[in-house]
Amino acid sequence: MNKKYDLTILIPGIRTSNWLRLYNSLKTSCKQYTWELVFVSPFDLPKEFKADENVRLIKDFGTIPRCVQKAVPFLNSDIFYLTVDDCYFSEDSIDYAVNLYKSKCNIKDVVSVSYGEGGNLMDSKYWTVAFHPDLNRLPGIPKNYKIANQCIINKECFIELGGFDCLTFEYMDKPIHDFMFRLQKSGGNIVHSDKHACIATWYPGEVGDHSPVHHAQVDHDEPIFIQMYLDPDILNRRVKIDYDNWKQSPAVWKRRFPFEIPSSYEELCVKQNYDFSNVKK
């Protein structure tokens, strides 16, 4: 029988060189609760994790939403924190967010976990639709709704609403907005955690390994998302979707892996000639 944890930290990622530092920061960020760390990745766990029973890898070569969707039913906890692998976590911040979840949330609610990118810390107003012109101009999105790009959520709630639309979107930004709008339409609430949990490296445009993500988000996902939410009645028809949609999404994300699949992140960077000289820390 699998061990049960209070929380799963779920990370779809490829940057295996970051994972040990990330893991060590989790030890200081979450001290009050038991937790497991689950990576979903095309690459194997680094050898440093061999003795850590609370670290697992689920292998997948598909899009980032597909990776999340595939993993969630196999998490060994009732709630999970969806985050990224280009960051480290601040002390006690996950404990703070979980305490907030336990005191303020029911099964339909989520905690929006604050984070920063490129050294910038976002103000609490950032996590509202009203702050973002690209969202608040769309008639299908209520102006009083909130967003939660990194969140703590109940696993069964995520599955019940169908999770992410893996057939429509390739990257995380638009499907997680779509999910949070569907959740709020279903009666769920987003509770904001004002303690910054992590600072992520920011790879703008085509810098570093970001090119597939950039083009997936800007060229593919964004036009579809805009067209979807230009419809003022979209959320009257779109709350629950088919959770198993990920099974019909491509097994290999061709935007990331246009040719053969490399055996490691380092090999990927070399073969695709990624340039990290302009990465903003």
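Of the possible donor and acceptor atoms, one in the side chain of Tyr243 sits under 3.5 Å from a partner among the backbone N and O of Gln69. For Asp244 (side chain) and Lys247 (main-chain N/O), no donor-acceptor pair under 3.5 Å exists by modelled atom type. Judged purely by atom type and a 3.5 angstrom limit, Thr16 has no side-chain atom pairing as donor or acceptor with the backbone of Pro46. Distance alone, capped at 3.5 Å, places no donor-acceptor pair between the Gln217 side chain and the Lys174 backbone. No donor-acceptor distance shorter than 3.5 angstrom exists from the side chain of Asp52 to the backbone of Asn54, with no hydrogens or angles considered. With hydrogens and angles disregarded, no donor-acceptor distance shorter than 3.5 Å links the side chain of Asn245 to the backbone of Asp165. Listed for the Lys50 side chain is no donor-acceptor partner under 3.5 Å among the backbone atoms of Leu45. Judged by distance alone, the side chain of Asp221 and the main-chain N or O of Tyr171 form a donor-acceptor pair under 3.5 Å. Checked by atom type and distance alone, the side chain of His196 never pairs as donor or acceptor with a backbone atom of Ser114 at under 3.5 Å. Panel note: side chain Ser25, backbone Phe89; a donor-acceptor pair is recorded below 3.5 Å.
Atom-to-atom distance recorded for Gln150:CD and Met172:CE is 9.5 Å, nearest 0.5 angstrom. If you take CD1 on Ile79 and NZ on Lys102, they are separated by 5.0 Å, rounding to the nearest 0.5 Å. Annotation: the span from Ile94 atom CD1 to Ile9 atom CD1 amounts to 5.0 Å, rounded to 0.5 Å. In this structure, CG in Asp233 is found 14.5 Å from CZ in Arg238, a value given to the nearest 0.5 Å. If you take NE2 on His215 and CG on Asp219, they are separated by 6.0 Å, rounding to the nearest 0.5 Å. Of the inter-residue distances, the one linking Ser249 atom OG with Phe164 atom CZ reads 13.0 Å to the nearest 0.5 angstrom.
Counting non-hydrogen atoms of neighbouring residues, nucleotides and ligands closer than 6.0 angstrom, the NZ atom of Lys47 reaches no more than 12 such neighbours. Around atom CD of Glu48, more than 12 heavy atoms belonging to other residues, nucleotides or ligands sit under 6.0 Å away.
Note: His177 and Phe225 have tilted aromatic rings, judged against thresholds of 30 and 60 degrees for the angle between ring planes. Below 30°, between 30° and 60°, or above 60°: for Tyr126 and His132 the angle between ring planes is above 60°, a perpendicular geometry.
Contact annotation: the side chain of Thr168 approaches that of Met228 to within less than 4.5 Å [non-hydrogen atoms, C-beta and beyond]. Side-chain contact between Tyr229 and Leu235 is present, with heavy atoms from C-beta onward closer than 4.5 Å. Looking at Pro12 and Leu82, their side chains come closer than 4.5 Å, going by heavy atoms from C-beta outward. Counting heavy atoms from C-beta outward, Leu230 and Leu138 have side chains that approach closer than 4.5 Å. Annotation: side chain of Phe158 is in contact with side chain of Phe80 (closest heavy-atom distance under 4.5 Å). Contact annotation: the side chain of Lys70 never approaches that of Cys166 to less than 4.5 Å [non-hydrogen atoms, C-beta and beyond]. Side-chain atoms of Lys3 and Thr34, non-hydrogen and from C-beta on, never get closer than 4.5 Å to each other. Residues Val98 and Asp6 form no side-chain contact, since every pair of their non-hydrogen atoms from C-beta on lies 4.5 Å or further apart.
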- Task: Step by step, work out the side chain to side chain contact (heavy atoms under 4.5 Å, CB included) result for Ser77 and Lys155.
- Result: CA-CA 8 Å; Ser77 63; Lys155 179 173 71 175; over 6 Å; no

- Message: Go through it in stages, so that I can follow the logic: the residues are Ile234 and Arg237, the test is side chain to side chain contact (heavy atoms under 4.5 Å, CB included), and I'd like the CA-CA distance, side-chain angles, deciding distance and then a yes or no.
- Response: CA-CA 6 Å; Ile234 184 65; Arg237 304 189 308 273; 3.8 Å; yes

- Given side chain to side chain contact (heavy atoms under 4.5 Å, CB included), test Arg256 with Ile14 step by step and report yes or no. CA-CA 11 Å; Arg256 173 67 77 189; Ile14 58 173; 3.6 Å; yes

- Message: Pair Ser112, Met180 - check side chain to side chain contact (heavy atoms under 4.5 Å, CB included), show working.
- Response: CA-CA 10 Å; Ser112 173; Met180 292 302 166; over 6 Å; no

Residues 103-111 side chain polar contacts: donor-acceptor under 3.5 Å, at least two apart:
from, atom 1, to, atom 2, distance (Å)
Ser103, OG, Asn99, O, 3.0
Ser103, OG, Leu100, O, 3.2
Asn106, OD1, Lys108, N, 2.8
Asn106, OD1, Asp109, N, 3.4
Lys108, NZ, Ser186, O, 2.8
Asp109, OD1, Asn189, N, 2.8
Asp109, OD2, Asn106, N, 3.0

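At a cut-off of 3.5 Å, with distance as the only test, no side-chain donor of Tyr88 or Asn18 sits close to an acceptor on the other residue. When only modelled atom types and interatomic distance are considered, Thr63 and Glu170 share no side-chain donor-acceptor pair under 3.5 Å.
You'll find the ring centres of His220 and Phe169 outside the 6.0 Å limit. For Phe39 and Trp19, the ring centers are positioned less than 6.0 Å apart. Aromatic rings from Trp127 and Tyr115 are positioned such that their centres are separated by under 6.0 Å.
Ala216 and Trp253 make their closest contact through CB-CZ2, 3.8 Å (heavy atoms, listed as atom of the first residue, atom of the second, distance). Residues Ser90 and Ser29 share a closest heavy-atom pair of O-OG, 3.0 Å.
Linking Ile, Leu, Val, Met, Phe, Trp and Tyr whenever their side-chain heavy atoms come within less than 4.5 Å puts Ile58 and Trp246 in one cluster.
Here the options are Lys195, Lys31, Lys27, the test is salt bridge (Lys or Arg N to Asp or Glu O under 4.0 Å), and the partner is Glu91; only Lys31 passes. With Leu183 as reference, Ile153 is the one residue of Asp178, Ile153, Val239 to meet the side-chain contact (heavy atoms from CB on, under 4.5 Å) rule.
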